[in-house]
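What follows is a short report on a single structure.
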There are 2 protein chains.
Amino acid sequence: MVTQTEIEKKIKNFPTICRQAGLKVTPQRMAVYNMLASTDSHPTPEAIYAAVRPDLPAISLGTVYKILDLLNLKGILLKVSSLDQAARYDARVTAHHHTACTQCGRIEDLNADSVPAEFVGEESPTGFLPERIEVLVHGLCRDCRHGPTPARYQTK
Amino acid sequence: MVTQTEIEKKIKNFPTICRQAGLKVTPQRMAVYNMLASTDSHPTPEAIYAAVRPDLPAISLGTVYKILDLLNLKGILLKVSSLDQAARYDARVTAHHHTACTQCGRIEDLNADSVPAEFVGEESPTGFLPERIEVLVHGLCRDCRHGPTPARYQTK
DNA sequence: GTTCCTGCAAAGGTTTTGCACCATA
DNA sequence: TATGGTGCAAAACCTTTGCAGGAAC
């Protein structure tokens with residue numbers, strides 16, 4: 001739950017955050033950020049576009065995509081569960097987790113013991129019934145830390 | 001790491017698993033499953049298609065998609081970090097996690113204390129440098145457990 | 001005034017769909 | 001033989017890109 005004052009604080013600080021990141025402050029960026037800061041709904045780019053259009057009728061969906069991508073890159077926003085565009089499949093269906101390289105997109109198995117499986121099958125206070133937990137550790141794989149950066153979207 | 005015998009066992013059991021799930025066993029399904037069971041690489045549909053084509057030159061990419069979707073639905077395969085197709089954004093950049101409803105696609109914040117953040121920033125034995133951990137709990141949201149199933153891809 | 005951003009439109013990539021033919025059971 | 005799966009092609013969908021005009025600093 002996000003309180004009213006937290007929202008206002010975020011919105012008030014946004015211009016400063018932008019300038020610190022070397023970004024210009026525009027009405028489009030403020031509208032997109034304000035919309036996201038005011039909701040818990042994790043909207044899609046399309047939904048954000050629809051929400052800001054009443055205030056900025058001339059804004060384009062492409063601009064929304066550019067703003068989201070840029071703010072995510074600067075760490076001002078977060079893209080939820082972001083893998084590279086294509087889906088990835090795994091024949092292991094038992095509980096295990098994955099590492100995802102932010103450089104090359106490679107996905108590897110993570111054999112961690114720290115699987116927070118304790119609350120699967122139990123109803124949470126919000127009424128959500130957990131069925132399966134997925135942990136994705138983002139970071140740099142061995143190759144990308146050492147050798148030159150491989151091409152994106154490689155399958156290996 | 002998947003050992004040779006584990007792979008062979010999975011491949012050998014696949015026809016039985018299929019029939020138990022009410023699915024016919026076809027060369028295309030066997031090829032797709034065998035390829036996935038034999039690798040740790042979490043390939044994309046395109047990569048799977050390329051890998052099975054030498055054995056089944058007539059197979060189509062559409063069929064690969066259908067097989068993957070179906071086997072994932074039956075729990076025989078796993079789609080890694082599967083959200084509905086569109087991206088989702090969040091203005092909260094501090095460590096927190098998400099629940100994703102498998103029925104309606106709704107994403108909500110999860111204020112769990114059990115954040116496995118202990119190994120962020122430390123190199124793992126495989127050479128992977130973790131930067132950020134993302135936990136996605138799949139399950140059923142309150143509305144989908146009680147009321148009728150809402151439309152997919154809703155933003156609320 | 002310079003730099004960077006926006007809006008538009010087109011293109012790119014991924015995934016889904018419909019249907020006639022074919023294989024499995 | 002009946003059911004369900006495949007192959008093909010088209011379409012749908014999401015996202016990226018290029019560029020000319022415009023806004024922020």
Side-chain angles (χ1 to χ4, degrees), chain A residues 14-33 42-50 52-53 55-74 76-77 79-89 105 151-155, chain B residues 14-33 42-50 52-53 55-74 76-77 79-89 105 151-155:
Chain A
F14 180 68
T16 310
I17 302 288
C18 268
R19 290 196 191 94
Q20 283 172 352
L23 303 177
K24 290 182 179 174
V25 181
T26 67
Q28 291 86 344
R29 287 177 180 175
M30 298 211 25
V32 166
Y33 185 81
H42 307 83
T44 60
E46 189 73 42
I48 297 167
Y49 175 59
V52 300
R53 253 153 81 86
D55 288 325
L56 290 107
I59 196 173
S60 76
L61 182 56
T63 297
V64 172
Y65 270 100
K66 284 172 193 166
I67 290 173
L68 291 171
D69 191 43
L70 188 61
L71 296 187
N72 175 57
L73 209 68
K74 296 288 185 179
I76 301 171
L77 292 181
K79 192 172 179 178
V80 177
S81 201
S82 53
L83 293 185
D84 289 331
Q85 59 259 42
R88 302 297 201 112
Y89 288 87
R152 282 188 84 87
Y153 312 140
Q154 64 176 34
T155 51
Chain B
F14 179 68
T16 309
I17 301 287
C18 270
R19 291 194 192 96
Q20 283 174 351
L23 304 178
K24 289 184 178 172
V25 181
T26 67
Q28 291 86 343
R29 287 177 179 173
M30 298 211 26
V32 166
Y33 185 81
H42 306 83
T44 61
E46 188 71 44
I48 297 166
Y49 174 58
V52 300
R53 251 153 82 85
D55 289 325
L56 290 108
I59 196 173
S60 76
L61 183 56
T63 297
V64 173
Y65 270 99
K66 284 171 192 164
I67 291 173
L68 291 171
D69 191 42
L70 188 61
L71 296 186
N72 175 57
L73 211 69
K74 296 288 185 180
I76 301 170
L77 292 181
K79 194 172 178 178
V80 178
S81 200
S82 53
L83 293 184
D84 289 331
Q85 60 258 41
R88 301 297 200 111
Y89 288 87
R152 282 188 85 86
Y153 313 140
Q154 64 177 33
T155 51

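Hydrogens, waters and symmetry mates are skipped; everything else that's a heavy atom, side chains included, is used. Residue numbers begin at 1 in each chain, while the letters A, B, ... track the order of the sequences.
- Summary of the strand contacts: Leu61(B) and Val25(B) both lie near DNA chain C, and taking for each the nucleotide with the nearest heavy atom, the more 5' one is attributed to Leu61(B).
- Between Asn72(B) and Lys79(B), the shortest heavy-atom contact is OD1-N, 3.1 Å.
- To the nearest 0.5 Å, atoms CD1 (Ile76(B)) and SG (Cys18(B)) are separated by 5.0 Å.
- Between dT16(D), dA25(C), dT6(C), one nucleotide has an atom nearer to the side chain of Thr26(A) than all others, and that is dT6(C).
- In this entry the distance linking CZ of Arg29(A) with P of dC25(D) reads 10 Å, nearest Å.
- The side chain of Tyr65(B) approaches dT15(C) more closely than any other nucleotide in the set dT6(C), dT15(C), dT15(D).
- Where Lys24(B) and Gly62(B) meet DNA chain C, the nucleotide closest to each residue was compared, and Gly62(B) sits on the side nearer the 5' end.
- For Tyr89(A) and dT14(C), the OH to P distance is 13 Å, given to the nearest whole Å.
- Between the P atom of dA24(D) and the CZ atom of Phe14(A) lies a distance of 14 Å, rounded to the nearest Å.
- For the residue pair Tyr33(A) / Arg29(A), no side-chain donor-acceptor distance below 3.5 Å is found, with atom types taken as modelled.
- Side chain Lys66(B) to base dG4(D): no donor-acceptor pair is found below 3.5 Å.
- In this structure, NZ of Lys74(A) is placed 11 Å from P of dC4(C), rounded to the nearest angstrom.
- In this structure, Gln28(B) places its CD atom 9 Å from C1' of dG7(D), rounding to the nearest Å.
- No donor-acceptor pair closer than 3.5 Å links the side chain of Arg88(B) to the backbone N or O of Pro43(A).
- Looking at Ile17(B) and Leu23(B), their side chains never come closer than 4.5 Å, going by heavy atoms from C-beta outward.
- Taking atom CG of residue Asp55(A) and atom C1' of nucleotide dT6(C), one finds them 17 Å apart after rounding to whole Å.
- For Arg19(A) and dA24(D), the shortest distance from a side-chain N or O to OP1 or OP2 is not below 4.0 Å.
- Distance Tyr49(B) OH to dT14(C) P: 13 Å, rounded to the nearest Å.
- To the nearest angstrom, P of dC5(C) lies 14 Å from CD1 of Ile59(A).
- Applying the 4.0 Å criterion to OP1 and OP2 of dT6(D), one finds that Ser60(B) has every side-chain N and O outside that range.
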